[in-house]
Amino acid sequence: MHVRGTVAGEVDVKSVSTSYGESDLAEVPVRLADDGDGDSGNGNESMRAERLARDAGGEPNVADGHETTTVTLWNKWAESADYLEPGMELLVTDAKEEEYQGETRYATTGDSYVVVEPSFLVNVTSIRNWVECPRLYYLNKLSGVPLNYPVVKGTLVHEVFGDLLRDRPLAESIEARVDERGLELGLLGETPEAVAEDVRENAKAIEGWLEQGRLTEEDSWRSEQLLISETFGIRGRADAIRRGAPVELKTGKNLKKEPRFKDKVQAACYALLLEEHGGEVDTGTLLYTKNSVLDRNEETGDLTPAKDFAMGDGLLKFVVRQRNELAAMEVAGDVPTGYEGSAKCEYCFEQDTCMVVSGRLDQESKAGQIGQPLPEEEREYFQRFYRAIEEERREVHREYAKLWEQDARERADDDRALIDLEFVEKRPLEGGRWELRARRTSGENSKLREGDLVLASDGHPVRGDSELAMIERLDDEVVLTADEPVEVTRLDVYPSELTTDRLLVAMHDALLKGDERRKDILFGRTEPEFEAIPETFIDNNDAQNEAVTKAVGARDCALIHGPPGTGKTYTIARAIRAMVERGERVLLSAFTNRAVDNALEALLEQLEDVIDPDRVVRVGSESGVRDDMEPYRLERSGEPEDRVAELQNAQVVAATTATCGSRVMKEQAFDVALVDEAAQLTEPGACAAINLAERFVLVGDHEQLPPVVRAENDLTESLFERLIDCHPEAGVMLDRQYRMNQRIQAFASTEFYDGELRPAEPAVAARNLDDLDGVSRESLPDDLRDPVSFVEVEGEDSQYTDSEEAARIADLIETYEAAGLDRSDIGIIAPFRAQVSEISSHVPEDVAVDTVDRFQGSSQEVIIVSFTATGTLEGPIFEDYRRINVALTRPKRALVLVGDPTALATDPVYERMLEWATA
DNA sequence: ACTCTGCAGAGAGGA
């Protein structure tokens with residue numbers, strides 16, 4: 001039986017004498033996981049337990065209830081008790097039940113595994129690093145892996161290995177794979193010929209070994225399998241599986257008889273994963289492709305590339321104990337020192353880095369410290385943001401846990417998956433990959449989109465046959481590409497830690513590699529300086545002109561505050577043009593692809609006669625970049641020299657901040673980084689972009705929506721907002737708006753911009769529906785003739801929807817249409833997604849309906865807002881007033897508010913809004 | 001309590 005629960009108190013570790021001699025044991029008070037009364041998740045919990053029990057050959061049985069009991073961890077498992085803290089989750093497999101003084105207790109058996117925080121999914125490579133040295137694991141996380149040839153070559157050989165297993169001809173595979181990495185190889189100064197030759201050398205070893213296998217007996221192969229273990233809390237991608245056993249490919253040389261220990265550890269992780277998926281694993285294979293048959297040692301006769309080893313019980317348990325230590329440390333938020341392990345620092349490649357990081361951050365470390373610690377405020381900043389980013393990571397981990405917490409049926413109301421697909425076909429693609437097709441059987445909504453990486457499974461993403469796949473098309477039919485042919489009936493979001501990783505690296509780089517003057521600015525120790533620029537850039541808008549002047553003349557940074565409709569994008573484009581004319585290299589960035597493409601579009605107009613369009617490059621994935629910007633997109637594959645020239649010669653590079661944190665972009669340097677929508681960026685997110693440049697310009701509006709973060713923490717305030725407070729003299733507010741009629745802008749102006757926002761010209765102030773072709777306000781009912789109107793509804797009591805408001809809005813659309821308005825000129829905004837779909841079902845398809853959050857950045861002739869609140873205005877969505885600022889500043893000519901006045905009057909800001917709208 | 005965008009992924013190697 002398996003015991004799962006939460007540590008409920010202090011752990012008692014002791015030594016006792018048994019008939020076998022001295023034994024260690026730890027007594028852990030555990031509050032057993034709830035398995036009682038049939039609310040959601042429990043059925044599944046017991047399913048899981050049953051399955052585990054079945055796998056272990058036992059009776060389906062699980063400890064249940066809320067009571068606290070004692071679980072005894074024997075011998076080496078007592079080690080895992082050292083870092084157990086109250087509140088941590090604990091799982092003991094194959095435990096035995098004991099009666100002790102009338103109480104039921106549990107204890108480990110010889111077959112048991114003890115898993116600490118099983119829902120914290122640890123990467124196989126993380127365990128591998130950790131086993132080598134816990135401090136190495138930490139350093140890797142902080143600074144990432146830079147672009148270097150051995151790593152790129154290693155990746156290439158792995159890809160070719162996978163291709164060979166999928167029967168792709170060697171020559172074709174090498175050519176294609178080398179071509180795909182053109183950009184990276186170019187940056188490394190490699191030629192395709194030399195790389196291909198190098199890869200061919202390694203591939204020989206693989207081919208020879210595959211040949212051997214094919215001669216002896218029937219071999220069963222599978223390449224590149226993504227595996228997740230809910231029991232052991234491990235996830236990873238095995239290079240290959242042969243006859244059920246893991247095969248790990250290593251591009252290095254190993255002339256010893258035995259595989260390297262850390263390589264065995266890696267294979268052991270895959271063995272655990274495979275066992276959970278119903279396998280019986282007793283061997284592992286390491287394939288060292290730099291070893292050739294010529295290396296064969298005459299004495300041992302054993303130095304061929306492939307080394308098999310027996311997968312012992314001791315190794316598997318060791319691996320789980322190491323994983324436990326890692327998970328416990330992460331959950332507690334501690335930093336490893338290196339003393340946890342036994343690695344010798346003088347043999348370590350990272351010794352210098354380790355000492356420098358320890359010295360700069362004043363951390364305890366086995367390798368010792370070098371250099372002066374950073375000033376205390378910087379160390380404090382590091383810790384604060386490290387904690388915040390790791391909290392975000394934990395949220396991502398919680399999403400992994402959701403993959404198995406709920407079973408398929410319960411997921412129907414969850415938008416993280418598409419269930420109930422009907423498998424249509426699998427078709428081999430050129431290059432050994434597969435195209436999978438499935439049909440959607442219901443119209444369910446999900447957050448999955450084209451270009452997303454998902455877990456494609458035959459029913460269950462963790463327990464079933466599943467594979468990482470790319471969504472190529474998503475309408476009535478789903479088209480996917482994947483390495484292996486899964487008969488897909490279900491898709492799940494595959495959570496990614498990529499952005500969290502990059503945030504951490506960006507923060508690390510800003511503090512540990514950052515320029516001192518830059519840091520003085522970021523920490524408010526020095527005032528930003530500006531060069532005097534006599535030129536006039538924009539002659540009909542003083543604030544815009546000042547913004548461009550500041551951006552161009554900034555020695556350190558400039559901050560442009562752009563309220564709705566104030567021509568932010570134009571100002572950015574004009575500023576970049578001026579920089580380009582001065583011969584500077586400019587990075588244009590923003591958090592979202594949409595913002596990057598919008599800014600780029602405006603910029604291209606400005607640059608038309610200034611530079612060759614070839615010198616403007618958009619870096620990003622095909623699915624992220626908008627179609628009309630595709631011609632500027634930097635292709636990754638191709639002739640290395642050409643690809644790298646395209647990037648290096650570009651005078652303007654546009655990319656999202658996440659992409660700025662990528663290995664390729666980190667190799668680039670710029671004179672200026674210009675970041676749009678900067679108020680939506682966390683501090684480390686903004687750092688990813690500004691790290692690459694000498695100076696920076698942030699453009700945004702902190703009165704609109706803040707960064708999207710999963711956890712409540714220090715990441716919610718943007719760098720833009722903090723710097724505006726800290727260096728007001730570096731900021732300029734664009735104060736003239738070109739969007740809204742005077743009546744419409746009035747409320748936002750007084751409420752959010754101290755009354756300083758005003759129409760740019762009389763024509764803007766006087767805008768109304770009569771300006772539109774074929775529309776006459778005369779034909780509208782009285783109460784809709786004003787630019788701002790309020791439509792009272794009683795409302796309905798349900799929480800996130802209001803069908804009465806939806807129906808009323810449908811009427812409004814008809815009314816506007818009757819008055820000659822085009823449906824495509826109307827936008828409807830609601831706070832909740834549930835209400836968005838409710839409204840969508842009431843109105844014609846070509847009317848844009850969306851949440852406030854998604855409407856940010858766009859505008860419409862007419863905007864209708866559905867407040868979806870009856871009686872009261874409670875709920876976090878209404879608390880952030882920046883959200884109403886966004887909603888109310890989208891229209892140009894007419895704004896209609898639909899809601900229950902009683903509810904709105906319960907909050908002072910909404911009450912003022914009501915007064916303004918009904919005046 | 002709700003809102004929700006980024007990322008190909010995880011792992012690539014060197015004594």
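Here the structure is a predicted model, which is why all the values come from computation and not from measurement. Lettering follows sequence order; numbering is per chain, from 1.
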Query - Contacts of A:Leu136 that satisfy side chain to side chain contact (heavy atoms under 4.5 Å, CB included) - sequence neighbours left out - result: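 With sequence neighbours excluded, A:Leu136 shows a side chain to side chain contact (heavy atoms under 4.5 Å, CB included) to A:Asn129, A:Glu132, A:Cys133, A:Glu350, given in chain and number order.
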
Report task. Please measure how far the C1' atom in B:dA8 lies from the corresponding atom in B:dA12, and state the result in whole Å. Result ->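 The answer is 15 Å between these two C1' atoms.
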
Please work out if [X] contacts a base, only the sugar-phosphate, or nothing of the nucleic acid, heavy-atom cut-off 4.0 Å.
X        : value
A:Tyr149 : nothing
A:Phe261 : nothing
A:Ser496 : base
A:Lys250 : sugar-phosphate
A:Asp501 : nothing
A:Leu468 : sugar-phosphate
A:Arg663 : base
A:Pro831 : sugar-phosphate
A:Leu249 : sugar-phosphate
A:Ser621 : sugar-phosphate
A:Val709 : nothing
A:Phe591 : base
A:Glu874 : base
A:Arg710 : base

List in chain and number order the residues that pass ring-ring contact (aromatic ring centres under 6.0 Å, His included) with [X], two or more places apart in sequence or in another chain; answer none if no residue qualifies.
X        : answer
A:Phe232 : A:Tyr113
A:His397 : A:Phe120, A:Tyr400
A:Phe349 : none
A:Tyr137 : A:Trp130

For [X], give me all partners under salt bridge (Lys or Arg N to Asp or Glu O under 4.0 Å), at least two apart in sequence or on another chain.
X        : result
A:Glu395 : A:Arg398
A:Glu484 : none
A:Arg618 : A:Asp597
A:Glu346 : none

Query raised in the report: Mind pulling the stems DNA chain B is in, i.e. runs of at least three Watson-Crick or G-U pairs, everything under 3.5 Å?
Result: none

Query raised in the report: Near DNA chain B, which residues from residues 875-884 of chain A have a heavy atom under 4.0 Å away?
Result: A:Gly875, A:Pro876, A:Ile877, A:Arg883

Report task. For residues A:Val849 and A:Phe855, report the shortest heavy-atom separation together with the two atoms involved. Result -> C-CE1, 4.5 Å

Report summary line: Taking every heavy atom of A:Ser837 against every heavy atom of A:Ala834, the minimum-distance pair comes out as OG-O, 3.1 Å

Requested in this report: Could you tell me whether the side chain of A:Ser589 reaches within less than 4.5 Å of the side chain of A:Thr657, counting heavy atoms only?
Outcome: yes

**Report entry** Earlier contact from the 5' end, DNA chain B, for A:Gln799 and A:Glu350
**Finding:**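 Looking at the nearest nucleotide for each, A:Gln799 comes out on the 5' side.
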
Query raised in the report: Hey, where on DNA chain B does chain A first and last touch, going 5' to 3'? Cut-off is any atom under 4.0 Å from a heavy atom.
Result: B:dA1 to B:dA15

